[in-house]
Amino acid sequence: MISAVLVFNNHGKPRVNQFYQYYTESEQQQIVRETFQLVSKREDHVCNFLEGAGSVIGGTDCKLIYRHYATLYFVLCVDSSESELGILDLIQVFVETLDKCFENVCELDLIFHMDKVHFILNELVMGGMVLETNMNEILTRIEEQNKLEKEEATAPTRALSAVKNMNLSQQLKDIKLPELPQAIKDLK
Amino acid sequence: MSIMLNRTWNYLSQSLASSPTFGGYPGPRWTLPDNGTDQEDRTHHLPPVLAHFLQTLYLVQTKSEESSLVLAHLKEIQAKLKETDVKPAVMADALVRAMACHTLGYDVKFIQIYALQLAQKGSILEKKMGYLACTLLLSENDELILLLINTILKDLKSQNVIEVNIALIAAIHLTPKEMAPMLLPVLQEKTTHTKDFIRKKALICLESIMQKAPDYIPSLETTVYNCLSDPDPGVVGVAVQVMRSVTLHNTTCDSGLIQPLIEILNQILDHKFPKDYVYHGVEAPWVQMDLMILLAVLLERSDWSDHHAGLISRSLLRSLEGVSPKETIGQAIIYQCIKTIAVMNQKTRGESKIYQQLVDKSLFYINKCLQSKHNNMKYMGLASLYEFFRYPPTPKLTEVEQENVLACLKHPDDSIQRKALSFLYELANDENVTGICATLVEFIRSSKDPFQTEELIIKCMQVAKKLHQSNLGWYTGLLLKLLQASKSNREVIVVEIQESLGAPLTDEEDSDKRSIRHKSGLKLSKVLENLCNKEKPPPIVQRLFLWSLVQDFQTDVTANVSKVLEIGRQALALDLDSPESEKIVISSLDSVFCLIHLNECSHEDIVAFIELCAQQYKNPRIQDLALEIQFFWSNLADLQGMEKPDEECPDWTLSSADEFVVKCLTEDQDLEVYDPRQKLISKSNSPLESESFRFTPYHVLEESPSKRSNPSKASKDHTDDRIPVKQVWSIYGRLENPENPQATKSHGKEDANTFGKVDNLVDLESVALEALEDLS
């Protein structure tokens with residue numbers, strides 16, 4: 001089970017925090033700070049797994065699996081039931097999905113579109129369990145929601161333009177009535 | 001027709017006027033960026049004020065600037081939201097800002113109620129934003145959740161798929177434990193929904209409520225089992241994960257699940273899953289791994305046959321052959337395979353050829369990993385090897401492999417060192433235990449992480465305890481080193497030392513063992529003395545030294561007494577406010593007490609020391625202890641005539657003190673003594689005895705249920721029905737032959753002294769007076 005997903009930058013400023021267990025606000029910030037301290041000390045060529053992570057999160061059963069991309073650290077706190085390398089690849093899938101959704105994703109995207117990032121994360125991991133690993137599926141979900149949002153946003157304009165384009169006089173002229181004499185003849 | 005048009009036109013114009021796009025406050029618009037926009041354009045999709053705020057937040061340099069900006073902004077938001085007629089779009093915008101501030105660590109509790117409001121009404125977009133804010137800002141323990149539960153339930157039952165989707169995500173985070181059973185029927189229904197993503201989310205939701213409230217939820221096995229045969233492979237993947245939770249939650253496991261799981265695994269390996277699920281050349285890797293995890297759990301907890309073993313082995317072999325260890329995901333699958341293989345190791349007798357092939361492949365891979373330069377691979381190699389060691393019989397490691405493992409101990413990477421250390425405990429046996437413990441002690445001394453240090457200390461103690469083979473000298477030395485290195489486990493270690501050295505030896509033990517123990521004890525004493533003579537010895541070492549000075553292996557009593565007194569005086573001279581020095585003084589008093597029965601010690605020093613302690617008015621504990629010792633010393637002769645207390649049958653009722661207590665209460669304080677027996681007797685004689693209130697003493701009820709029918713009769717035979725307590729004490733002191741009460745009654749003399757005859761109060765009085773004189 002995944003206890004938390006944390007994304008912070010090289011200075012320790014949190015960008016995305018999602019916790020799947022209950023922690024108070026101060027505990028959450030402490031977790032971010034401690035994780036940053038542990039992870040920033042690591043050099044680049046060491047392995048991506050950290051055990052015995054601090055006193056607040058999880059205790060002895062918690063491992064930190066992290067990846068460093070340019071200015072951002074993506075850290076997942078998992079317990080022993082998850083496969084470490086699998087989670088490492090999950091981080092890769094997450095970043096690739098973000099990349100597809102925001103072209104060439106960077107830190108600014110995470111700041112300006114925080115809610116969208118959360119929506120993507122919710123399609124990937126839910127309740128501490130891995131929901132979907134197929135990137136295409138996740139993107140389909142996001143696209144569906146985007147379409148819906150576009151529709152909602154543009155509904156009034158579409159309605160307005162549809163009414164404007166409704167040229168009644170022309171339509172009345174174009175009405176094709178059935179040939180009455182022939183119809184009467186048929187009746188007879 | 002014109003009237004209709006008119007109406008339509010009016011309606012449209014009204015709705016447009018109030019829409020966020022054309023008038024009023026611009027609401028958030030979440031659209032995908034177009035292709036080829038550069039960085040500045042990214043903000044154009046957001047309303048300008050919001051974008052400006054977020055950008056400033058990003059660019060701010062110092063913490064104080066940030067906090068002043070955020071706090072000012074939050075006040076603005078609060079004021080804005082308190083206005084009447086706040087539009088949902090405005091609320092959504094405010095929520096985005098509040099969430100950004102919350103991520104940075106600021107308190108935004110005021111916005112919770114608005115988040116709730118937005119989730120309850122508003123269009124789908126606004127609902128989505130409201131729910132998102134609720135999941136981030138609220139928790140299931142908040143009282144506001146009660147307002148939201150109905151909304152979630154309503155949305156779950158809605159026809160709109162998107163609403164159901166959003167509600168499911170919210171339900172996981174926000175359902176309190178008590179409400180979990182309410183959601184159960186809806187969720188179970190959703191697992192058969194037409195849309196696959198709803199089914200997946202419903203399954204995970206079910207799993208989370210099962211974790212929260214396991215007692216309220218019936219077994220979900222059937223629901224999840226049905227989802228295993230779902231046409232959508234994503235749902236199958238999730239069902240496998242959830243099945244693992246369900247299996248761990250159940251007490252018994254059915255091995256009937258193994259067959260269907262293997263079929264799914266084979267289907268994956270036969271490329272029957274859609275092409276979407278291929279990741280870096282591997283078919284549905286996460287589903288494969290989840291299947292292997294679940295199989296490992298089932299292998300551990302259920303009974304499985306060789307047939308199952310054969311099937312599993314074949315599938316695992318196929319899986320192993322299909323992946324390349326160059327890809328991370330390939331390595332992940334191999335690791336998971338090895339884990340499952342290791343579990344099978346327990347029960348397979350190694351006869352199956354396929355299983356043997358599997359084991360060989362695993363060990364080959366592990367070797368490669370350990371020799372690899374890439375740190376992740378080294379780590380995984382160690383982890384995989386560790387799995388084999390968890391389930392004996394362990395395969396034999398070659399010399400090369402052992403060297404590789406030991407080389408990892410000196411690796412600069414912290415995580416790899418840790419993993420290798422955890423190995424050492426497993427590798428320890430009788431021959432190498434001293435070497436391993438020495439390595440561990442080195443690590444403990446050089447480690448900077450306090451948690452790791454304590455963990456290692458405990459593990460080292462366990463290993464040494466198991467394997468020290470009566471090599472007490474080495475064992476005590478090791479424990480002493482650990483004591484000095486440890487910070488939070490000192491008491492445990494001290495107890496261990498005391499147990500191993502101080503346990504009373506029975507006569508059956510060899511005289512060899514006794515001499516070994518004596519030697520080790522003396523050695524320990526010397527070492528402790530050296531430590532105490534240094535400057536500022538740690539208090540626990542001093543206390544241990546004091547303890548060791550009074551043990552039976554000591555020979556020179558006089559010298560020991562003077563040492564004890566010296567330490568005690570030193571501690572007294574220090575400021576006794578610190579609990580540590582108080583403990584030292586108490587320990588020294590304890591030691592003095594143990595030594596005073598020896599006539600060789602010089603009395604004056606001891607008396608002076610105890611007198612000093614007795615005057616510590618600020619420290620009542622020390623004072624009390626000193627006064628007690630003084631009292632005992634003055635009655636030393638009497639005490640020495642005493643027999644050792646019989647440890648087998650102590651008199652818990654303190655029946656000997658009864659007469660004394662009765663006398664004090666009746667005479668000195670004129671209080672009535674509670675005597676159930678007497679009361680019952682008086683009650684039965686009184687004419688006012690009511691049948692309804694039958695007071696039957698408990699011991700009567702306990703002993704003989706047949707007597708319950710005649711409580712009054714039972715009360716008269718009170719003496720016979722008392723719980724047989726061994727009469728150990730009488731008013732004159734200890735009985736010479738403590739016997740059972742029935743036997744005791746036959747002795748006439750003792751009868752008069754026992755509690756049985758309270759009627760003879762006169763005799764009692766004189767006897768009690770005599771006793772009091774003796775005591776003073």
Side-chain angles (χ1 to χ4, degrees), chain A residues 13-18 22 25 28-29 32 45-52 55 60 81 83-86 88-90 93 101-103 106 108-109 111-116 118-119 122 126-134 136-137 141 144-146 148-150 152-153 156-157 159-160 163, chain B residues 8-9 12 15-16 19 21 29-33 35 39 42-43 46 51 54 58 96 99-100 103-105 107 123-125 129 132 139-141 162 169 172 197 200-201 204-205 207-208 234 238 241 276-277 286 289 328-329 331-332 335-336 375-376 378-380 413 415-416 418 449 451-452:
Chain A
K13 267 194 168 175
R15 295 293 170 218
V16 174
N17 295 342
Q18 179 74 280
Y22 175 62
E25 266 83 29
Q28 288 183 1
Q29 289 302 312
V32 175
H45 56 271
V46 297
C47 64
N48 301 87
F49 317 116
L50 262 177
E51 277 182 74
S55 53
T60 47
S81 65
S83 153
E84 290 100 333
L85 290 169
L88 209 55
D89 270 305
L90 195 72
V93 170
C101 281
F102 310 94
E103 297 287 321
C106 67
L108 274 175
D109 289 310
I111 298 170
F112 286 129
H113 301 282
M114 193 189 80
D115 57 320
K116 211 176 175 70
H118 269 108
F119 294 143
N122 280 337
M126 195 166 108
M129 305 196 80
V130 175
L131 178 61
E132 180 63 68
T133 50
N134 187 353
N136 293 331
E137 279 283 325
R141 280 296 81 60
E144 275 175 15
Q145 299 202 338
N146 290 339
L148 181 74
E149 289 151 18
K150 267 199 180 140
E152 281 249 348
T157 28
L160 187 59
V163 168
Chain B
T8 321
W9 192 262
L12 278 174
S15 63
L16 285 177
S19 118
T21 331
R29 305 177 64 179
W30 318 111
T31 54
L32 280 175
N35 281 337
Q39 264 201 0
R42 286 180 201 277
T43 61
L46 289 175
L54 289 171
Y58 174 68
V96 171
M99 284 195 286
T103 312
L104 290 170
D107 181 20
S123 67
I124 287 193
L125 274 188
M129 183 61 71
L132 176 67
S139 79
E140 59 196 45
N141 301 327
I162 306 259
I169 296 177
I172 282 202
F197 58 89
K200 275 192 271 196
K201 293 202 165 92
I204 293 197
C205 220
E207 194 263 341
S208 81
V238 172
Q241 283 189 58
D276 277 347
Y277 283 86
W286 284 278
M289 288 197 282
T328 321
I329 198 70
Q331 293 162 16
Y335 174 59
Q336 213 52 63
N375 283 347
N376 277 352
K378 261 210 166 77
Y379 185 90
M380 296 318 296
D413 186 355
S415 303
I416 293 186
R418 265 207 157 118
D449 177 11
F451 296 105
Q452 191 188 16

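Chain letters run A, B, ... following the sequence lines, proteins first and then strands; every chain starts at 1. The analysis underlying the following values was restricted to heavy atoms, covering all of them including side chains, and did not include hydrogens, waters or symmetry mates.
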Decide yes or no on side chain to side chain donor-acceptor pair (under 3.5 Å) for A:N122 and B:K201, but give the supporting numbers first.
CA-CA 10 Å; A:N122 280 337; B:K201 293 202 165 92; over 6 Å; no

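Remark: A:R141 pairs with A:E137, A:E144 by the side chain to side chain donor-acceptor pair (under 3.5 Å) rule, at least two apart or across chains.
Between A:H118 and A:V16 the shortest side-chain heavy-atom distance falls below 4.5 Å. The closest side-chain heavy-atom distance from A:F49 to A:L88 is below 4.5 Å. Residues A:R15 and A:I111 are in side-chain contact: their nearest non-hydrogen atoms beyond the backbone lie under 4.5 Å apart. In this structure, the side chains of B:I169 and A:F119 stay at 4.5 Å or more apart for every pair of heavy atoms.
When heavy atoms are compared at a cutoff of 4.5 Å, B:Y277 approaches chain A by way of both its backbone and its side chain. Using a 4.5 Å cut-off between heavy atoms, B:L132 touches chain A through its side chain atoms alone. With a 4.5 Å cut-off on non-hydrogen atoms, B:Q336 touches chain A through its side chain but not through its backbone. Interface residue B:M289: only side-chain heavy atoms are found under 4.5 Å from chain A. Proximity to chain A (any heavy atom under 4.5 Å) is shown, for B:S208, by neither the backbone nor the side chain. With a 4.5 Å cut-off on non-hydrogen atoms, A:M114 touches chain B through its side chain but not through its backbone. Looking at B:I162, the atoms closer than 4.5 Å to chain A (heavy atoms on both sides) all sit in the side chain, from C-beta outward.
Of the possible polar contacts, one joining the B:N376 side chain to the A:N48 backbone as a donor-acceptor pair under 3.5 Å is found.
Of the residues considered (A:N134, A:V93, A:D89), A:D89 shows the highest number of contacts with chain B, using heavy-atom pairs under 4.5 Å. Interface summary for chain B: among A:N136, A:N17, A:L85, the most heavy-atom pairs under 4.5 angstrom belong to A:L85.
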